[in-house]
There are 2 protein chains.
Amino acid sequence: MAVNHADPQKSFGHQVRRCHRRFDRLLSARLAPHGLKTGFWYYLRALWIADDVTQKQLSDLTNVTETTTVSMINGMIRHGLVDRSRDLADKRKMRVKLTPEGRALEKELIGYALEINAIAMAGIAPKELATCLSVLSRMSANLQIALDETTNADDG
Amino acid sequence: MAVNHADPQKSFGHQVRRCHRRFDRLLSARLAPHGLKTGFWYYLRALWIADDVTQKQLSDLTNVTETTTVSMINGMIRHGLVDRSRDLADKRKMRVKLTPEGRALEKELIGYALEINAIAMAGIAPKELATCLSVLSRMSANLQIALDETTNADDG
DNA sequence: GATTAATTCATCGATATAAAAGTATATGTG
DNA sequence: CACATATACTTTTATATCGATGAATTAATC
């Protein structure tokens with residue numbers, strides 16, 4: 001072994017990516033009969049909980065860039081799921097709100113969130129699940145700090 | 001609260017997705033100075049460990065579909081990182097091998113895998129990390145079973 | 001209050017990913 | 001052996017995502 005390479009099976013980057021792909025594919029399979037893609041799902045999920053938010057807030061809630069949010073919201077508007085209107089107090093901001101159609105999807109689809117998480121968690125001890133969730137959260141925070149440092153370093 | 005919706009913060013789908021995005025963004029930032037994208041990274045990582053594999057095997061190693069592998073390998077060939085040749089024993093198969101250039105990148109880049117994982121793991125107890133890795137692995141397996149069932153159900 | 005900074009959103013071009021359908025080859029079964 | 005089925009790959013088309021850049025608006029500073 002000329003180079004000391006980590007075993008991907010023990011790499012969080014690798015394992016998190018694999019797990020994410022499978023969550024996304026299973027969700028995609030569940031949404032397909034409803035004519036919906038996972039891209040919209042994450043926004044709907046956020047809006048069902050906090051409706052009438054800015055695109056910046058939505059981007060934070062869905063963990064994507066504001067660029068992605070623009071095109072996703074455009075798509076959702078075309079599909080009649082949300083409305084967009086300029087914020088009167090701060091004209092830079094756009095406020096995104098569910099239409100009745102978008103709101104109505106909650107009853108129809110929210111079960112998939114519970115079902116798919118239940119499938120993933122099957123046979124795993126609650127204590128282990130809690131630890132994993134906590135570790136994921138702390139890793140996300142650690143990575144965000146590194147990302148901020150990387151961005152700031154470019155400025156100076 | 002009309003509908004019982006799970007808190008995304010407690011949803012593995014949500015937390016795994018968020019963590020994945022941040023891993024991918026930090027990796028992207030590290031690779032950028034080398035003119036490389038994360039898309040190639042996962043293939044290089046697999047090939048550094050198991051060179052001379054079929055595209056099917058590569059797809060399994062990188063957790064993407066064979067469709068994705070075709071376009072990624074085409075790109076890597078254009079960049080001189082791998083060669084592709086037909087398997088003589090089974091002419092359906094294509095064998096993918098690193099070029100010296102692709103092989104040489106290991107020494108240059110493998111450190112990022114270790115660095116980024118170390119950043120993510122900072123301040124987290126080894127026991128918790130081990131639990132999380134194990135849970136991720138079991139969740140991936142659970143989800144794959146559900147995916148296989150979904151696919152098979154379509155056939156019959 | 002004029003100028004500079006930061007914030008928010010949009011546009012454009014590129015990359016990453018997958019499903020569906022098609023082609024070539026191999027395998028299994030009568 | 002012939003035919004049906006399975007496997008491996010490719011092509012096409014669509015979706016999801018981001019970085020770089022720019023425009024409009026607000027906030028900060030002098």
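Lettering of chains follows the sequences in order, A, B, ..., and the numbering in each one begins at 1.
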note: A/R18, atom CZ; C/dT17, atom P; distance rounded to Å ~ 16 Å
Between CG of B/D60 and C1' of D/dA8 the distance, given in whole Å, is 12 Å
Residue set satisfying ring-ring contact (aromatic ring centres under 6.0 Å, His included) with A/H14, at least two apart, ordered chain then number -> none
Protein heavy-atom contacts under 4.0 Å, written 5' to 3' over nucleotides 16-25 of chain D as B (base), S (sugar-phosphate only) or - (none), form the string SBBBB----B
Give the ring-plane orientation class for B/H20 versus A/H20, where under 30° counts as parallel, over 60° as perpendicular and anything between as tilted. parallel
Between CE of B/M76 and P of C/dT15 the distance, given in whole Å, is 14 Å
Is a side-chain donor-acceptor pair under 3.5 Å present for B/N142 with A/R22?
no
B/K56 NZ to C/dA26 C1', in whole Å, measures 15 Å
Quiz item: Has the side chain of A/T99 got a donor or acceptor atom that lies under 3.5 Å from a matching backbone atom of A/G80?
Solution: yes
Would you please confirm or rule out a distance under 4.0 Å between OP1 or OP2 of C/dA10 and any side-chain N or O of A/Q55?
yes
Problem - Donor-acceptor pair, side chain of A/N117 and main chain of B/S11, under 3.5 angstrom - result: no
Between NE2 of A/H79 and C1' of D/dA14 the distance, given in whole Å, is 12 Å
Pairing partner of C/dA5, by Watson-Crick or G-U wobble and under 3.5 Å for both distances, is none
* Asked: Judged by atom type as modelled, is there a donor-acceptor pair below 3.5 Å linking the side chain of A/S137 to the main-chain atoms of A/L133?
  -> no
*Determine the contact category for A/T69: base if any of its heavy atoms lies under 4.0 Å from a base atom, sugar-phosphate if only primed atoms, P, OP1 or OP2 are that close, otherwise nothing.*
nothing
Rounded to whole Å, the CZ-C1' distance (A/R95 to C/dC9) equals 14 Å
Using Watson-Crick geometry (N1-N3 plus N6-O4 or O6-N4) or G-U wobble (N1-O2, O6-N3), each under 3.5 Å, D/dC9 is paired with C/dG22
From CG of A/L26 across to P of C/dA19 the rounded distance in Å is 12 Å
Q. Does a side chain donor of either B/T65 or B/T68 reach within less than 3.5 Å of an acceptor in the other side chain?
A. yes
Glycosidic torsion of C/dA5 (syn if within 90° of 0, anti otherwise) classifies it as syn
Whole-Å distance, B/M94 CE to C/dT25 P, equals 12 Å
